[in-house]
Amino acid sequence: MNRIFERISTVCCLAPASVAAGTETSTDYVSAKGISSIDFHILLASLASGKKLTVALYSADDSAGANAEKVAETSFTAAETMSKVAAVVSAEVDAPYYCVKFQHDSASAVMCSAVCNCRGMYTPAQGWTLLA
């Protein structure tokens, strides 16, 4: 039986940085080779009551973002003032690379970072055959 960290890989795709309000910020593009699903976790130091975080998931052909297409977009609104905010977006993989772009509407800059968790595709052990 595998432990959680043996079943997924985690990539820091945006180091902690101060992000100004209304500034669209992009993570690095993450390779989805051999991956069945991908989750991006956007972390904010705080979000005031009623303020919004908008997150868009993009797919691309390479790590530079060639032919990038928006896959989905969602918004999170703080019901009350929050510290230690985490927003998660995920997708089943059908493109070679993914990233997220996000922005918040807080009154001032907020410390933000992002990590990406990837779950590998199930493949049979070497020498075995997977029957459908």
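Since the structure is predicted, the reported quantities are computational estimates derived from the model, not experimental observations.
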* Structure fact -> One should read off an interatomic distance between Ser90 OG and His41 NE2, to the nearest 0.5 angstrom, of 8.0 Å
* Hydrophobic cluster membership, Leu14 vs Leu57, 4.5 Å side-chain cutoff -> yes
* **Derivation of the side-chain contact (heavy atoms from CB on, under 4.5 Å) call for Val85 and Ser46** => CA-CA 6 Å; Val85 177; Ser46 64; 5.7 Å; no
* Is it possible for you to say whether Phe40 and Leu47 belong to one hydrophobic cluster, with membership spreading through side-chain heavy-atom contacts below 4.5 Å? => yes
* To do: Decide yes or no on side chain to side chain donor-acceptor pair (under 3.5 Å) for Arg119 and Ser36, but give the supporting numbers first.
  => CA-CA 6 Å; Arg119 183 180 315 120; Ser36 64; 4.7 Å; no
* To do: Without swapping roles, check the side chain of Asp105 against the backbone of Lys52 for a donor-acceptor pair under 3.5 Å.
  => yes
* Asked: Under a single-linkage definition using a 4.5 Å side-chain heavy-atom cutoff for Ile, Leu, Val, Met, Phe, Trp and Tyr, are Val115 and Val89 assigned to the same hydrophobic cluster?
  -> no
* For the pair Thr81 (side chain) and Ser49 (backbone), establish whether a donor and an acceptor sit closer than 3.5 Å, ignoring hydrogens and angles. => yes
* Is Leu43 reachable from Leu53 through a run of hydrophobic residues whose side-chain heavy atoms are each under 4.5 Å from the next? -> no
* Looking only at non-hydrogen atoms, find the nearest pair between Pro96 and Ala60 and report the distance. => CD-O, 3.4 Å
* Cluster link Tyr29 to Phe102, ILVMFWY, side chain under 4.5 Å -> no
* Could you pull out all residues at least two apart from Lys70 that satisfy salt bridge (charged side-chain N to carboxylate O under 4.0 Å, His left out)? => Glu73
* Any idea which heavy atoms bring Val88 and Phe76 closest together, and the distance? -> O-CZ, 4.0 Å
* Asked: Where do Tyr58 and Lys101 come nearest, in terms of heavy atoms and distance?
  -> CE1-CD, 3.5 Å
* Asked: Can you tell if the side chain of Tyr97 reaches within under 4.5 Å of the side chain of Asp28, non-hydrogen atoms only?
  -> no
* Would you say the side-chain atoms of His104 pair up with the backbone N or O of Ala109, donor to acceptor, closer than 3.5 Å? -> no
* To do: Determine the minimum heavy-atom distance between Gln103 and Glu24, stating which atoms define it.
  => OE1-N, 3.6 Å
* Run through Ile8, Val93, Val30, Asn117 and flag the one making a side-chain contact (heavy atoms from CB on, under 4.5 Å) with Ile35. => Val93
* Structure fact -> Scanning both residues in full, the closest heavy-atom pair of Ala48 with Ser106 reads N-OG, 4.4 Å
* Shortest non-hydrogen contact between Ala15 and Ser113, atoms and distance -> C-CB, 4.1 Å
